[in-house]
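Here the structure comes first, spelled out in structure tokens, and everything after it is commentary.
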Amino acid sequence: MRIAQIAPLAESVPPKLYGGTERVIAWLVDELVELGHDVTLFASGDSKTKGKLHPVWPRALRLGRRGTDPNAACALLIEAIAERAGDFDLIHSHVDWVPLPVLSRTGVPFLTTMHGRLDLPGLSDVIGAFPNAAFISISDNQRQPLPDANWIATIQHGLPKDLLRPSYERGSYLAFLGRLTADKGPEAAMRIARAARMPLRIAAKIPRAETAYFKNKLEPNIDGQKVQLVGEVDDAKKQSFLANAAGLLFPIDWPEPFGLVMIEAMACGTPVIADRSGSVPEVVEHGVTGFIVDGEEQAIRAVDQLERLDRQVVRARFEERFAASRMAREYEGRYRELLSRGLREGFEKGAAISHLAAGTASEPFR
């Protein structure tokens, strides 16, 4: 198949540092190419892919020149896919709702993977405007705010099996990896680690909008010993950061659609302690790959139970459930279904037109 993949422009594909969606897109494109498909990636010019890169903007917006209007970059992204839509059998969008008005008019089958939260005002209105647009969810829980959308599948994320290597030795600290925002739970992670008498290492980016939150709520508790801020980590540093941890703390306070860091930890053999929110019960197997908890008291007790979990089993369950090859094959199946449906509908439409033309041709002109 000739497949177009549309990526956000905030980060490169894959991202240099933080960025879950762009990582998933990179792995998906590479796996689809390995399956023999002709894949074109519409992304920033500093992206790297096994597919064909169509550079829409010179550099990822977050690491590019300050003051760049992201709407200008987005407009060029939509124009690029509109100009080239006819080159593809199918278009796969990862940029939410923005290109739907254009994609729905190209005549090319398309689907959209929703990567973010969907409990926001106004989204149901968009669903009503595009009732035939096909959507993929990344967890069943993610769908709940928009049950009337045309969901054709839930496809959980996957990452390459050889990207992160496991460690089967018990780690010496607890890890927190993610954005330093209140809903990700960094304050809770600090309290849990302190009560469990375990060191905490934090690998995270500080969003510009969260600078005050970091200064007021987090920085006073970072002493460089019991609580260390490592900063953002690339894939190489993430390997050792997660593999050497006794467990990953994931005390979220929002409906996380998936939580890529959970399966990254599992790939390293590292179990996860996560709050029962969003997709967590679909990703973590309680008592096998980690512990699902209701609040900090349970999380503190779970830290003491980490030694009970077999890190080899954690890694094995990652390979069985969350490999990028599995993810790509599931998407490939949905692509074929959409193409088959489009061909069938086109045939039925053509047959109806032919029948109508035959009927009118037999009548005399009036």
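For the single chain, residues carry numbers from 1 onward in sequence order.
No donor-acceptor pair under 3.5 Å is formed between the side chain of Thr289 and the backbone N or O of Val284. When atom types are taken as modelled, the side chain of Arg105 and the backbone of Pro101 share a donor-acceptor pair closer than 3.5 angstrom. Proximity of a side-chain donor or acceptor of Asp46 to a complementary backbone N or O of Ala60 within less than 3.5 Å is detected. Listed for the Arg2 side chain is a donor-acceptor partner under 3.5 Å among the backbone atoms of Asp87. Distance alone, capped at 3.5 Å, is enough to place a donor-acceptor pair between the Gln142 side chain and the Met114 backbone.
Considering Leu90, Asp89, Ile3 in turn, Ile3 is the only one that fulfils the side chain to side chain contact (heavy atoms under 4.5 Å, CB included) rule with His37. Checked against His92 for a ring-ring contact (aromatic ring centres under 6.0 Å, His included), the options Phe110, Phe135, Tyr331 give a single hit: Tyr331. Screening Glu332, Glu337, Glu330 for a salt bridge (Lys or Arg N to Asp or Glu O under 4.0 Å) with Arg334, the sole residue that qualifies is Glu337.
Phe130 and Leu103 end up in the same hydrophobic cluster when Ile, Leu, Val, Met, Phe, Trp and Tyr side chains are linked at under 4.5 Å. In this structure, Leu123 is not a member of the same hydrophobic cluster as Val98, with clusters built from ILVMFWY side-chain heavy atoms closer than 4.5 Å. Both Val95 and Trp151 belong to a common hydrophobic cluster when Ile, Leu, Val, Met, Phe, Trp and Tyr are linked at side-chain heavy-atom distances under 4.5 angstrom. Connection of Phe318 to Val313 is not established within any shared hydrophobic cluster, with ILVMFWY side chains joined at heavy-atom distances below 4.5 Å, either directly or through further cluster members.
Shown here are the ring-ring contact (aromatic ring centres under 6.0 Å, His included) partners of His115, two or more places apart in sequence or in another chain: His94, His157. Thr211 pairs by the side chain to side chain contact (heavy atoms under 4.5 Å, CB included) definition with Lys215, not counting sequence neighbours.
Taking all atoms of both residues into account, the shortest heavy-atom contact from Ala243 to Thr270 is CA-OG1, 3.9 Å. Listed here is the closest heavy atom pair of Val13 and Ala43: CG2-CB, 4.1 Å. Across Leu164 and Cys268, no two heavy atoms sit closer than the pair CB-SG, 3.9 Å. Looking at every heavy atom in both residues, Gly278 comes nearest to Asn141 through CA-OD1, 3.2 Å. Contact record, Arg276 with Pro281: CG-CG, 4.0 Å, taken as the closest heavy-atom pair. Closest approach of Leu9 to Cys74, counting heavy atoms only: CD1-N, 4.3 Å.
Note that CG of Leu163 is 8.5 Å distant from CD of Gln239, once rounded to the nearest 0.5 Å. Here Phe250 contributes atom CZ and Ser277 contributes atom OG; the two are 9.0 Å apart, rounded to the nearest 0.5 Å. Distance check, rounded to the nearest 0.5 Å: CG of Leu248 to CE of Met266 gives 9.0 Å. Distance check: Leu100 CG to Ile78 CD1 gives 9.5 Å after rounding to the nearest 0.5 Å. Interatomic distance, Leu77 CG to Phe42 CZ, rounded to the nearest 0.5 Å: 8.5 Å. Considering CD1 of Ile138 and OG1 of Thr113, their distance stands at 8.5 Å, rounded to 0.5 Å.
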Problem - CA sep, side-chain torsions, deciding dist, call: Thr21, Glu11, side chain to side chain contact (heavy atoms under 4.5 Å, CB included) - result: CA-CA 9 Å; Thr21 297; Glu11 306 285 349; over 6 Å; no
Exercise for the section: Show your reasoning for whether side chain to side chain contact (heavy atoms under 4.5 Å, CB included) applies to Val24 and Met327. Expected result: CA-CA 10 Å; Val24 172; Met327 173 180 66; 3.8 Å; yes
Practice task
Before giving the answer on salt bridge (Lys or Arg N to Asp or Glu O under 4.0 Å), spell out for Glu210 and Arg179 the whole-Å C-alpha distance, their side-chain angles and the decisive distance to 0.1 Å.
Solution key: CA-CA 9 Å; Glu210 302 293 337; Arg179 286 181 291 110; over 6 Å; no
Practice task
Applying salt bridge (Lys or Arg N to Asp or Glu O under 4.0 Å), run through Arg143 and Glu282 and close with a yes or a no.
Solution key: CA-CA 13 Å; Arg143 299 183 179 193; Glu282 299 174 51; over 6 Å; no
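At a threshold of 4.5 Å between non-hydrogen side-chain atoms, the residues Ile91 and Ile6 count as touching. A 4.5 Å side-chain heavy-atom check between Ser279 and Pro257 finds every atom pair outside the cut-off. Ile136 is listed as a side-chain neighbour of Ile152, based on a closest heavy-atom distance under 4.5 Å. In this structure, the side chains of Arg326 and Gln156 come closer than 4.5 Å at one or more pairs of heavy atoms. Residues Thr49 and Gln5 are not in side-chain contact: their nearest non-hydrogen atoms beyond the backbone lie 4.5 Å or more apart. Looking at heavy atoms from C-beta onward, Pro8 lies in side-chain contact with Glu22 at the 4.5 angstrom threshold. At least one side-chain heavy atom of Arg321 sits under 4.5 Å from a side-chain heavy atom of Glu285. Side-chain contact between Leu146 and Ser124: present, with at least one pair of heavy atoms (C-beta onward) separated by less than 4.5 Å.
More than 12 heavy-atom neighbours from other residues, nucleotides or ligands sit within 6.0 angstrom of NZ on Lys16.
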Would you mind writing out the side-chain donor-acceptor pairs for residues 27-34 within the sub-3.5 Å range, not counting sequence neighbours?
residue: Asp30; atom: OD1; partner: Lys50; partner atom: N; Å: 3.0
residue: Glu34; atom: OE2; partner: Lys50; partner atom: NZ; Å: 3.3

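For residues 242-268, every residue pair satisfying the side chain to side chain donor-acceptor pair (under 3.5 Å) rule, not counting sequence neighbours, is listed here: Lys184-Glu256, Lys238-Glu264, Trp254-Glu256. Applying the side chain to side chain donor-acceptor pair (under 3.5 Å) test to pairs two or more places apart or on separate chains, those with a residue in residues 160-173 are Arg170-Glu307.
Checking Thr154 against Ser137 by side-chain atom types alone, a donor-acceptor pair falls below 3.5 Å.
The other residues sharing a hydrophobic cluster with Phe291 are Leu174, Phe176, Leu180, Met190, Ile192, Met198, Leu200, Ile202, Ile206, Tyr213, Phe214, Leu218, Ile222, Val227, Leu229, Leu249, Ile273, Val293, Ile300, Val303, Leu306, Leu309, where clustering joins ILVMFWY side chains under 4.5 Å apart.
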